[in-house]
Q: 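Submitted below is the structure of interest, expressed as structure tokens.
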Amino acid sequence: MSNNDEYKEVHVRRKRKKLTQEDNMAPLMDHILDLRSVVIKSAITVVLWFIVIFATVGWWFPYVSKGANIVVLGPFEVIRFYLQTSGAISVGLSIPFICWFIWGFMKPGLVEKETMFIKSSLPGMLVLFIAGLLFGYFVVHPVSYFFLISLGEKNFEVIVTADEYMRFLLMTTIPFGLIFQLPVVILFLNYIGLLNAETMVAIRKYVYFGLLVLTAIIMPPDVFTHLITLTPMIVLYEISIILIRRRERRQQKRAE
């Protein structure tokens, strides 16, 4: 092998090494560091919420319990209840912030059309999340709780522990914050061309059946609560159809 051939081989090797390190490994490391930043910020958010909730539990819990007759089964039950409750609520309240962090991580990989839609929808998503929590807290929870308690008192002496009460409260509030995101999800699918109003009308009965099954899974096992839960989901679906029809009409006018 001549000196000229040896020089070419060394040059190619160096060039390949440079491409592997800078063009492949560097973006991967950037993604890992960005993902690490998302995880750290999410964890800090949960911890901060946990500190706030745990420090103020003696103030807000009497309002949350709404005068319900709640008992604890021992001294250690109190601190365990406070820790578990603060942890669950802090995670629930951190969801909008975690979604914001995740969106910031995914933003560079999205096209401009998707980015603009998500950015413009974030305030609406937050409002719908809060509206879902309020609906669950002021409507679904008290109605279903006192209905089940009154039903049990006909034949039993009902004793509700603090753990059971808070588990029931979270089960009848947090899911609604996510369920109320249905219009945003449907509008996004329409925005990227995967769904239209005509299709939504055609599959309406199947969607209603799916919502009924979902309600039976996430809600307490009584028909009365299922009806209360299913009603806003159907209303949100119908509102989504109206919003998509308006958007499609605007697009049609622009095309003409």
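Quick caveat, the model's predicted, so the values are computed rather than measured.
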Q: Report whether Val52 and Ile98 are members of the same hydrophobic cluster (ILVMFWY, side-chain heavy atoms less than 4.5 Å apart, transitive linking).
A: no
Q: Going by the side-chain hydrogen bond (donor to acceptor under 3.5 Å, both in side chains) test, which pairs reach into residues 231-241, not counting sequence neighbours?
A: Arg204-Glu238, Tyr208-Glu238
Q: Among Ile217, Leu230, Leu227, Thr229, whose side chain to side chain contact (heavy atoms under 4.5 Å, CB included) with Leu212 holds?
A: Leu230
Q: Given the rule that I, L, V, M, F, W and Y join up when any side-chain heavy atoms are under 4.5 Å apart, are Ile234 and Ile203 in one cluster?
A: yes
Q: Can you give me the closest heavy-atom contact between Pro142 and Gly136, atom names plus distance?
A: CD-O, 4.2 Å
Q: Using a strict cut-off of less than 4.0 Å between a Lys/Arg side-chain nitrogen and an Asp/Glu carboxylate oxygen, indicate whether Arg245 and Glu248 qualify as a salt bridge.
A: no
Q: Applying ring pair (Phe, Tyr, Trp, His ring centres under 6.0 Å), name anything that partners Tyr165, two or more places apart in sequence or on another chain.
A: His141, Tyr145
Q: Supply the atom-to-atom distance Leu126 CG to Gln181 CD, rounded to the nearest 0.5 angstrom.
A: 8.5 Å
Q: Do Phe188 and Leu194 come within less than 4.5 Å of each other through their side chains, counting heavy atoms only?
A: no
Q: So Phe61 and Phe81, would you call those rings parallel, tilted or perpendicular, with 30° and 60° as cut-offs?
A: perpendicular
Q: Do Phe168 and Val143 share a hydrophobic cluster (ILVMFWY, side-chain heavy atoms under 4.5 Å, transitive)?
A: yes
Q: Give the minimum heavy-atom separation between Ile179 and Leu236, together with the two atoms involved.
A: O-CD1, 4.0 Å
Q: Checking Glu153 side chain against Val158 main chain: does a donor-acceptor pair fall under 3.5 Å?
A: no
Q: Give the C-alpha distance, both sets of side-chain angles, the deciding distance and a yes or no for side-chain contact (heavy atoms from CB on, under 4.5 Å) between Phe176 and Leu133.
A: CA-CA 6 Å; Phe176 283 95; Leu133 294 180; 6.0 Å; no
Q: Determine whether a donor-acceptor pair (N or O, by modelled atom type, separation under 3.5 Å) exists between the side chain of Gln84 and the backbone of Asp163.
A: no
Q: Which pair of heavy atoms, one from Ile186 and one from Ile244, lies closest together, and at what distance?
A: CG2-CD1, 3.3 Å
Q: Let's go through Ile70 and Thr161 carefully: what are the C-alpha distance in whole Å and the side-chain angles of both, what is the deciding distance for side-chain contact (heavy atoms from CB on, under 4.5 Å) to 0.1 Å, and is it a yes or a no?
A: CA-CA 5 Å; Ile70 305 173; Thr161 64; 5.8 Å; no
Q: Does Trp49 use its side chain to pair, donor to acceptor, with the backbone of Ile89 at less than 3.5 Å?
A: no
Q: Give the cluster check for Val127 versus Ile95: same hydrophobic cluster or not, with ILVMFWY residues linked at side-chain heavy-atom distances below 4.5 Å.
A: no
Q: If I take atom CD1 from residue Ile102 and atom NZ from residue Lys41, how far apart are they, to the nearest 0.5 angstrom?
A: 11.0 Å
Q: Does any N or O in the side chain of Trp100 come within less than 3.5 Å of the main-chain N or O of Pro96, such that one atom is a donor and the other an acceptor?
A: no
Q: If you measure from CD1 on Ile241 to CZ on Arg246, what distance do you get to the nearest 0.5 Å?
A: 13.5 Å
Q: Quick one: CG on Asn196 to CZ on Arg247, what's the gap to the nearest 0.5 Å?
A: 11.0 Å
Q: Search all heavy atoms of Leu73 against all heavy atoms of Glu77 and return the closest pair with its distance.
A: N-CG, 4.0 Å
Q: Please find the pair of heavy atoms, one from Phe54 and one from Ile79, that lie closest to each other, and give the distance.
A: CZ-CD1, 3.9 Å
Q: To the nearest 0.5 angstrom, please state how far the CG atom of Leu151 sits from the CZ atom of Phe156.
A: 9.0 Å
Q: Which value, rounded to the nearest 0.5 Å, describes the distance between Met125 atom CE and Ile130 atom CD1?
A: 12.5 Å
Q: Are Val207 and Val213 co-members of a hydrophobic cluster defined by side-chain heavy atoms under 4.5 Å apart?
A: yes
Q: Whether the side chain of Ser86 engages the backbone of Leu83 through a donor-acceptor N/O pair (distance < 3.5 Å, no angle test) should be reported.
A: no
Q: Mind checking whether Thr45 and Ser94 have side chains closer than 4.5 Å, heavy atoms only?
A: yes
Q: Apart from Ile51 itself, which Ile, Leu, Val, Met, Phe, Trp or Tyr residues share its cluster (side-chain heavy atoms under 4.5 Å, direct or through members)?
A: Val47
Q: Run the numbers on Ile53 and Trp60 for side-chain contact (heavy atoms from CB on, under 4.5 Å), then give the verdict.
A: CA-CA 9 Å; Ile53 294 168; Trp60 56 260; 3.4 Å; yes
Q: Looking only at atom types and distance, does a side-chain atom of Asn190 sit under 3.5 Å from a main-chain N or O of Leu195, one as donor and one as acceptor?
A: yes
Q: Would you say Ser121's side chain and Gly124's backbone share a donor-acceptor pair under 3.5 angstrom?
A: no
Q: Which atoms form the tightest heavy-atom contact between Phe135 and Ile228, and what is the distance?
A: CZ-O, 3.9 Å
Q: Using the side chain to side chain donor-acceptor pair (under 3.5 Å) rule, take Ser37 and Asp34 through it: C-alpha gap first, then chi angles, then the decisive distance, then the call.
A: CA-CA 5 Å; Ser37 176; Asp34 290 341; over 6 Å; no
